[in-house]
Amino acid sequence: MGTSIARLAGRLAGVVAVVVGVTALTWLAMRVLRPAWFAGDDRSVPVQLADELRRVFLHNDLGRQWAPPQNRVAEIIRRGLPADLSLLAGATAFGVVAGTAAGTYCAARRATALARALEAAAAFFIFAPIYVVGLSLILLFGTDVALVEVGVHIPRTYVPFGESPLRWAGALLVPCVMVGLPLAALLMRLTRASVRTVLGEEYILAAGAKGLSERTVLRRHVLRAAGAPVISATGMTVNLTLTNVVVIEAVFGIPGVFGHLKTAIAYGDFPMLMGITIVGAALIAFANLAADVALERLDPRLRQ
């Protein structure tokens, strides 16, 4: 138990080091590319960098936006981060569940029409621009603008969880699916290949020969053995999922931190860009930590 806690603490320290390192590199890149932003400060670069890191990580002071209305960046992050986390978590959960289920079905029932349809859908969603798909869905089924009347419309206004949990879930349902579809398509292909490989193993054939049902064999043995590549791929592709979050937040008007990216770029808003970079680095680092912990739970040999 103590060893596990020490290992987790070490990994958390590594995550913090990564976020601090990304912040420092971003600051140095801006210092080189946009020296005019730092005009008037005659201190040496190391001293300026140390002061920046101290303000950000010890005092939670990211400064104010340069773009109107010049709010505090830390406050913008505090207000917008729950929406980012909700969308990222929901999209990842959908991608993992849908991709794993579809991949397992395609591996076990490869000759069926549904398996072929799922494989075709996966090929489409891997390459289809999600902003095109998202905008198309809004035009077809969005509230007040729907071209197709089906009785159920996609909400076009985000509602905070504290205001109405049901409306919050409804507002995030389609965005989560949109963000998660490329991940689901990728994991479907990966799961299909992994399950097909595991199904040919001798111990799986022996389990079936003992009279275990196909569903039991898949759930107890096959998915456990084929799960490691899925978890690894989910962690490695979280940066791509986060990129899709940025796009979908703009399409559906979700007030997350990343919704400020376009304005920050247009205004050359250094404090806001730094805040967005820190949030993105932290989300990616913690997601990969979660994937590593899940892998160790799945395969205890990795703890050695």
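Side chains are part of it too, since the values below use all heavy atoms of this structure and drop only hydrogens, waters and symmetry mates.
Counting non-hydrogen atoms of neighbouring residues, nucleotides and ligands closer than 6.0 angstrom, the CG atom of Asn60 reaches no more than 12 such neighbours. Within a 6.0 Å radius of CG in Leu166, no more than 12 heavy atoms belonging to other residues, nucleotides or ligands are found.
Side-chain atoms of Asp51 never come within 3.5 Å of backbone atoms of Val47 as a donor-acceptor pair (strictly under, hydrogens ignored). Asp269 places no side-chain N or O within donor-acceptor distance of the main-chain N or O of Gln65, the cut-off being under 3.5 Å. In this structure, Thr243 contributes its side chain and Asn239 its backbone to a donor-acceptor pair below 3.5 Å.
The heavy-atom pair separating Leu172 from Ser86 by the smallest distance is CD1-CB, 3.5 Å. Minimum heavy-atom separation, Tyr158 to Ala171: CA-CB, 4.2 Å.
Tested against Trp37, the residues Tyr267, Phe270, Trp27 include a single ring-ring contact (aromatic ring centres under 6.0 Å, His included) partner, Phe270.
In this structure the side chain of Ile76 reaches within 4.5 angstrom of the side chain of Arg79, judged on heavy atoms. Inter-residue side-chain proximity for Met274 and Thr23 is flagged as met; some heavy-atom pair is nearer than 4.5 Å. Between Val238 and Leu283 the shortest side-chain heavy-atom distance does not fall below 4.5 Å. Considering only heavy atoms from C-beta on, Val247 stays 4.5 Å or farther from Met178 through its side chain. Looking at heavy atoms from C-beta onward, Phe258 lies in side-chain contact with Val279 at the 4.5 angstrom threshold. In this structure, the side chains of Leu87 and Cys176 come closer than 4.5 Å at one or more pairs of heavy atoms. A 4.5 Å side-chain heavy-atom check between Val73 and Arg64 finds every atom pair outside the cut-off. Residues Val230 and Ser194 have side chains not in contact (no heavy-atom distance under 4.5 Å, counting atoms from C-beta outward).
Legend: residues meeting side-chain hydrogen bond (donor to acceptor under 3.5 Å, both in side chains) with Gln70, ordered by chain and number and at least two apart, are absent.
For the atom pair Arg54 CZ and Asp61 CG, the distance stands at 9.0 Å (nearest 0.5 Å).
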(Q) Quick one, Glu119 with Arg116, criterion salt bridge (charged side-chain N to carboxylate O under 4.0 Å, His left out). Give me CA distance, side-chain angles, the key distance, then yes/no. (A) CA-CA 5 Å; Glu119 291 172 358; Arg116 294 192 181 98; over 6 Å; no
